*Asks:* 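Before I ask anything, here is the structure I am working with.
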Amino acid sequence: MPDRPPRFFTHVYRLVAQVPRGKVVTYGQVAALLGAPRAARAVGTALRHLPRSLTKKVPWQRVINASGGISLRGDVVRAEEQRWLLEEEGVAFNRNGKVNLEKYRWRGPKNWKAPAWDARL
DNA sequence: ACGATGACAGTTT
DNA sequence: CAAACTGCCATCG
């Protein structure tokens, strides 16, 4: 059994797990909702390390970049899978492979309160 | 502890 | 509009 994911990672997973089908969020948005508006890059790191055991529970495909595009640069296969999964649930891509964020962006959970993930216990 | 790393983002060319 | 630059952050050896 591998080690449990770091705190920050698990918070990312818990939030992303709430993104409804057919909606998307950006890395920066996730970071902001977690109370760390500049940690967008770290959110990407967290998703890159998403345990296989959680791929079924965490809709990682619903997280895209601020430009409305897929960010998996190196992994082309994975990138195609992400687009396929999103189209599968009704998210449309324009000719440039971008999603209309104004239309598909998820605004976040109701009465959401940023977790104190960075608090030292 | 320090520097390298990467599924980012905003600004400037 | 796209590529280049620059700042930022949690993790990892």
Side-chain angles (χ1 to χ4, degrees):
Chain A
M1 283 285 283
D3 305 320
R4 195 177 52 194
R7 268 152 77 72
F8 182 71
F9 287 9
T10 60
H11 280 291
V12 170
Y13 305 152
R14 292 203 323 201
L15 177 55
V16 175
Q18 300 181 62
V19 182
R21 198 185 155 69
K23 286 293 178 181
V24 298
V25 287
T26 68
Y27 297 93
Q29 205 185 331
V30 172
L33 285 168
L34 289 180
R38 315 199 190 151
R41 206 165 186 178
V43 171
T45 301
L47 287 174
R48 187 169 75 75
H49 291 79
L50 177 65
R52 296 174 59 78
S53 59
L54 295 179
T55 56
K56 297 293 188 290
K57 303 176 183 300
V58 179
W60 56 272
Q61 73 274 22
R62 297 177 192 152
V63 185
I64 61 182
N65 62 42
S67 302
I70 305 297
S71 271
L72 291 77
R73 300 177 182 178
D75 202 328
V76 183
V77 182
R78 195 83 169 230
E80 290 185 336
E81 182 188 356
Q82 177 167 15
R83 174 167 178 164
W84 170 72
L85 286 170
L86 286 176
E87 296 184 310
E88 192 71 323
E89 46 187 78
V91 178
F93 284 77
N94 63 25
R95 71 185 82 186
N96 308 309
K98 304 285 184 57
V99 171
N100 183 331
L101 288 173
E102 298 227 357
K103 180 176 181 180
Y104 298 100
R105 186 199 293 278
W106 177 57
R107 302 297 176 176
K110 273 189 179 181
N111 309 321
W112 169 263
K113 214 171 187 321
W117 62 270
D118 58 344
R120 304 265 187 259
L121 291 180

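Computed over heavy atoms, backbone and side chain alike; hydrogens, waters and symmetry mates excluded. On a predicted model such as this, the values are computed, not experimentally measured, just so you know. Here is the naming used below: chain letters follow the sequence lines, and residue numbers restart at 1 for every chain.
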*Asks:* Atom OH of A:Tyr27 to atom P of C:dA10: distance rounded to whole Å?
*Replies:*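 So the two atoms are 18 Å apart, to the nearest Å.
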*Asks:* Short of 4.0 Å, heavy atom to strand atom, which residues of residues 87-107 of chain A count as contacting DNA chain B?
*Replies:*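 Those residues: none at all.
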*Asks:* May I have the distance from A:Phe9 (atom CZ) to B:dG6 (atom C1'), rounded to whole angstrom?
*Replies:*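 About 11 Å, once rounded to whole Å.
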*Asks:* Nearest of B:dA9, B:dA7, C:dA10 to any side-chain atom of A:Ala40?
*Replies:*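 Nearest to the side chain of A:Ala40 among the choices is B:dA9.
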*Asks:* Looking at side-chain heavy atoms only, is the closest gap between A:Ile64 and A:Gln82 below 4.5 Å?
*Replies:*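 Heavy-atom side-chain distance check passes, below 4.5 Å.
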*Asks:* What is the distance from atom CZ of A:Arg14 to atom CG of A:Leu34, rounded to the nearest 0.5 Å?
*Replies:*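 Here the interatomic distance stands at 9.5 Å.
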*Asks:* Is any side-chain heavy atom of A:Pro109 closer than 4.5 Å to one of A:Leu15?
*Replies:*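 When only atoms from C-beta onward are counted, A:Pro109 and A:Leu15 do touch, with a gap below 4.5 Å.
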*Asks:* Under 3.5 Å, is there a donor-acceptor pair linking the side chains of A:Glu89 and A:Gln61?
*Replies:*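 There is such a pair (donor and acceptor under 3.5 Å, judged by atom type) between the side chains of A:Glu89 and A:Gln61.
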*Asks:* Would you indicate whether the side-chain heavy atoms of A:Trp112 and A:Gln18 approach each other to under 4.5 Å?
*Replies:*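 Touching, per the 4.5 Å side-chain cut-off.
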*Asks:* For the pair made of CG in A:Asp3 and C1' in C:dT11, what is the distance, rounded to whole Å?
*Replies:*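 From A:Asp3 CG to C:dT11 C1': 13 Å.
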*Asks:* So, A:Lys98 side chain and A:Ile70 main chain: donor-acceptor pair closer than 3.5 Å or not?
*Replies:*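 No; judged by distance alone, with no hydrogens or angles, the pair does not exist.
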*Asks:* Flag yes if A:Trp84 and A:Tyr104 sit in one hydrophobic cluster, no otherwise; membership is Ile, Leu, Val, Met, Phe, Trp, Tyr, and two members link when side-chain heavy atoms are under 4.5 Å apart.
*Replies:*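 Per the 4.5 Å side-chain linkage, A:Trp84 and A:Tyr104 are not co-clustered.
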*Asks:* Under 4.0 Å, counting only non-hydrogen atoms across every strand here, what does A:Phe8 touch: a base, just sugar-phosphate, or nothing?
*Replies:*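 Here A:Phe8 touches the backbone only, sparing every base.
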*Asks:* Between B:dA9, C:dA10, B:dG6, which nucleotide has the shortest distance from any of its atoms to the side chain of A:Thr26?
*Replies:*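 Nearest to the side-chain atoms of A:Thr26, counting from C-beta on, is B:dA9.
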*Asks:* Expressed in angstrom and rounded to an integer, what is the separation of A:Arg48 atom CZ from C:dC12 atom P?
*Replies:*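 Going from A:Arg48 (CZ) to C:dC12 (P), I get 10 Å.
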*Asks:* With a 4.5 Å cut-off on side-chain heavy atoms, are A:Leu86 and A:Phe93 touching?
*Replies:*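 Yes, at least one pair of side-chain atoms sits under 4.5 Å.
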*Asks:* In this structure, how many angstroms lie between the C1' atom of C:dT11 and the CG atom of A:Leu50, rounded?
*Replies:*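 One finds 16 Å between C1' of C:dT11 and CG of A:Leu50, rounded.
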*Asks:* Taking the minimum atom-to-atom distance to the side chain of A:Pro6, which one of B:dA7, B:dA9, C:dT11 wins?
*Replies:*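 Nearest listed nucleotide: C:dT11.
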*Asks:* Does any donor-acceptor pair link the side chain of A:Arg41 with the base of C:dG7 at a separation under 3.5 Å?
*Replies:*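 In this structure, the two groups form a donor-acceptor pair.
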*Asks:* With a 4.0 Å heavy-atom cut-off, tell me which residues in residues 67-74 of chain A come close to DNA chain B, sorted by residue number.
*Replies:*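 Under 4.0 Å from DNA chain B: A:Ser71, A:Leu72, A:Arg73.
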*Asks:* Which whole-number value in Å describes the distance from A:His49 NE2 to B:dT5 P?
*Replies:*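 Taking NE2 of A:His49 and P of B:dT5, I get 14 Å after rounding.
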*Asks:* Search all heavy atoms of A:Ala17 against all heavy atoms of A:Pro59 and return the closest pair with its distance.
*Replies:*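 Distance-wise, the nearest heavy atoms are CA-CD, 3.7 Å.
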*Asks:* Rounded to the nearest Å, what distance is computed from the NE2 atom of residue A:His11 to the C1' atom of nucleotide C:dT11?
*Replies:*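 Spelled out: NE2 on A:His11 to C1' on C:dT11 is 16 Å.
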*Asks:* Which part of the nucleic acid, if any, lies within contact of A:Arg38, taking any heavy atom under 4.0 Å across all strands shown: a base, the sugar-phosphate backbone alone, or nothing?
*Replies:*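 The answer is sugar-phosphate, as A:Arg38 gets under 4.0 Å only of primed atoms, P, OP1 or OP2.
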*Asks:* Among the candidates B:dA9, B:dA7, C:dA10, find the nucleotide nearest to the side-chain atoms of A:Ala42.
*Replies:*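 Looking only at side-chain atoms, A:Ala42 lies closest to C:dA10.
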*Asks:* Can you measure A:Leu47 atom CG to B:dC8 atom P for me and round it to whole angstrom units?
*Replies:*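 About 10 Å, once rounded to whole Å.
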*Asks:* Quick one: which of B:dG10, C:dC12, C:dC9 gets closest to the side chain of A:Ala66?
*Replies:*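 Of B:dG10, C:dC12, C:dC9, B:dG10 is nearest to the side chain of A:Ala66.
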*Asks:* Side-chain contact, heavy-atom cut-off 4.5 Å: A:Phe9 with A:Arg4?
*Replies:*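 A:Phe9 vs A:Arg4: side chains apart.
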